[in-house]
2 protein chains.
Amino acid sequence: MLDAATELFMKQGYGAVSMDAVARAADVSKATLYAHFASKDALFATIVSDACCLDTVDEASFWADPADVGATLRLIGGRFLRYLLQPETLARYRVVVAESVRFPELGAAFWVNGPLAFRNRLAAWVVQQSEAGRLAADDPQVAAEQFIGLLRSGLFMRASLAVPPAPDSREIEATVEAAVTTFLRAFAPR
Amino acid sequence: MLDAATELFMKQGYGAVSMDAVARAADVSKATLYAHFASKDALFATIVSDACCLDTVDEASFWADPADVGATLRLIGGRFLRYLLQPETLARYRVVVAESVRFPELGAAFWVNGPLAFRNRLAAWVVQQSEAGRLAADDPQVAAEQFIGLLRSGLFMRASLAVPPAPDSREIEATVEAAVTTFLRAFAPR
DNA sequence: GTCTATAGAAGGATAGAC
DNA sequence: GTCTATCCTTCTATAGAC
């Protein structure tokens with residue numbers, strides 16, 4: 001039931017999905033649906049809030065090669081960008097952005113559990129690498145944010161707007177490589 | 001009539017706006033509306049396509065101080081980021097992202113006239129500065145994209161998601177300053 | 001808890017007069 | 001070109017039986 005609603009809302013957005021459609025997809029009656037969720041808003045909020053517990057980049061990637069900053073950035077960057085460009089990720093992003101004004105808690109939940117959480121995790125890694133003398137970042141939060149910005153630019157915007165062609169592996173790897181290069185030029189200890 | 005529709009669609013999105021509401025806001029009857037636009041889809045497409053002729057950063061900014069790369073980057077970056085964070089810009093972005101799947105031409109028009117156009121203009125500037133020996137960018141397109149990414153990171157995402165607080169001048173200037181610093185570390189001739 | 005059936009409102013679109 | 005009035009569909013939500 002939640003699964004069916006999730007798929008519909010993510011693919012088509014709040015306005016385009018009716019409670020009839022959800023009931024049909026979940027193979028229950030509309031009355032049953034309303035027995036579990038007070039309203040369409042409540043169902044939508046539940047669905048999307050649940051989907052905000054994101055797992056962008058697995059913890060192991062941060063520890064794969066602690067001594068090699070470039071390799072770790074390439075690994076993390078690749079994982080992150082690939083994650084961003086997944087159809088499900090893009091669909092969720094579209095829905096949340098679209099409804100963030102009418103459902104402010106939703107935008108906030110997404111922000112805190114998604115972009116902000118990843119930035120903080122990355123910033124912690126930057127701190128750690130700086131202490132080890134392998135990076136020289138005055139402000140780890142800014143450095144982390146900038147690395148994310150370097151990755152997200154271009155491909156993600158194009159994909160969010162559903163402009164073909166869909167990014168291929170070559171484009172993704174080139175973007176990651178360029179991001180790592182620029183990041184290291186700015187933050188490698190000299 | 002177009003004005004009323006534009007305001008409503010941009011503020012509330014496609015699904016939340018009815019033709020009744022547009023007619024009321026424009027102070028005409030629904031029949032009159034349908035005499036000018038074949039359907040709600042057609043009205044929406046017209047509205048948003050028109051709004052895609054963006055003017056992100058005025059041409060003069062690119063020529064304000066040709067010899068000073070840092071100053072020009074700060075000027076352009078500031079203008080661009082401020083533009084991105086305007087309520088109207090954010091509203092338009094939300095609508096286009098939300099409906100880009102159901103209205104592909106719309107996402108494409110926005111992409112071409114907005115992000116892509118600005119990136120190309122910026123890349124042309126990078127070429128020019130590189131030829132003058134004031135920048136050293138192997139790939140101007142990538143450099144331009146990266147500068148935009150450095151600017152767009154963080155604040156724009158938060159603002160898109162309508163997460164308070166709204167970015168203030170201090171945050172904006174700090175972001176621009178950090179972007180310029182990182183960009184120059186990566187692309188200043190050595 | 002789950003169903004069928006339906007209320008009640010709102011939406012997109014049109015007919016036909018002026 | 002513009003209006004009033006209306007058609008028909010679809011939507012959210014609920015009543016009441018099992």
Could you list the donor-acceptor pairs under 3.5 angstrom formed between side-chain atoms of residues 105-112 of chain B and any protein atom two or more places apart in sequence or on another chain?
none

Output side-chain donor-acceptor pairs under 3.5 Å for residues 121-128 of chain A, partner residues at least two apart or in another chain, one line each.
{"residue": "A:R121", "atom": "NE", "partner": "A:E59", "partner atom": "OE1", "Å": "2.9"}
{"residue": "A:R121", "atom": "NE", "partner": "A:E59", "partner atom": "OE2", "Å": "3.3"}
{"residue": "A:R121", "atom": "NH2", "partner": "A:E59", "partner atom": "OE2", "Å": "2.6"}

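The hydrophobic clustering, which links ILVMFWY residues whose side-chain heavy atoms are closer than 4.5 Å, places B:V142 and B:L135 apart.
Under the salt bridge (Lys or Arg N to Asp or Glu O under 4.0 Å) criterion, A:R119 pairs with A:E145, sequence neighbours left out.
Between A:V28 and A:M1, the shortest heavy-atom distance links the atoms CG2-SD, 4.0 Å. Here the closest heavy-atom approach between residue B:S29 and residue B:A23 is recorded as C-CB, 4.0 Å.
Residues of residues 33-41 of chain A having a heavy atom closer than 4.0 Å to DNA chain D, listed by number: A:Y34, A:S39, A:K40. Scanning residues 12-27 of chain B for heavy-atom distances under 4.0 Å to DNA chain D yields an empty list.
For the residue pair B:D55 and B:Y83, no side-chain donor N or O sits within less than 3.5 Å of a side-chain acceptor on the partner.
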Exercise for the section: With side-chain hydrogen bond (donor to acceptor under 3.5 Å, both in side chains) as the test, would you mind laying out the steps for A:S61 and A:D58 before giving the verdict? Expected result: CA-CA 6 Å; A:S61 299; A:D58 58 321; 2.7 Å; yes
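For B:K40 and B:Y34, the positive end is not near the middle of the six-membered ring at less than 6.0 Å and at most 45° from its axis.
Taking every nucleotide of DNA chain D with any atom under 4.0 Å from a non-hydrogen atom of chain B, the first and last of them, 5' to 3', are D:dT2 to D:dT4.
One N or O on the side chain of A:R94 and one on the backbone of A:S160 form a donor-acceptor pair closer than 3.5 Å.
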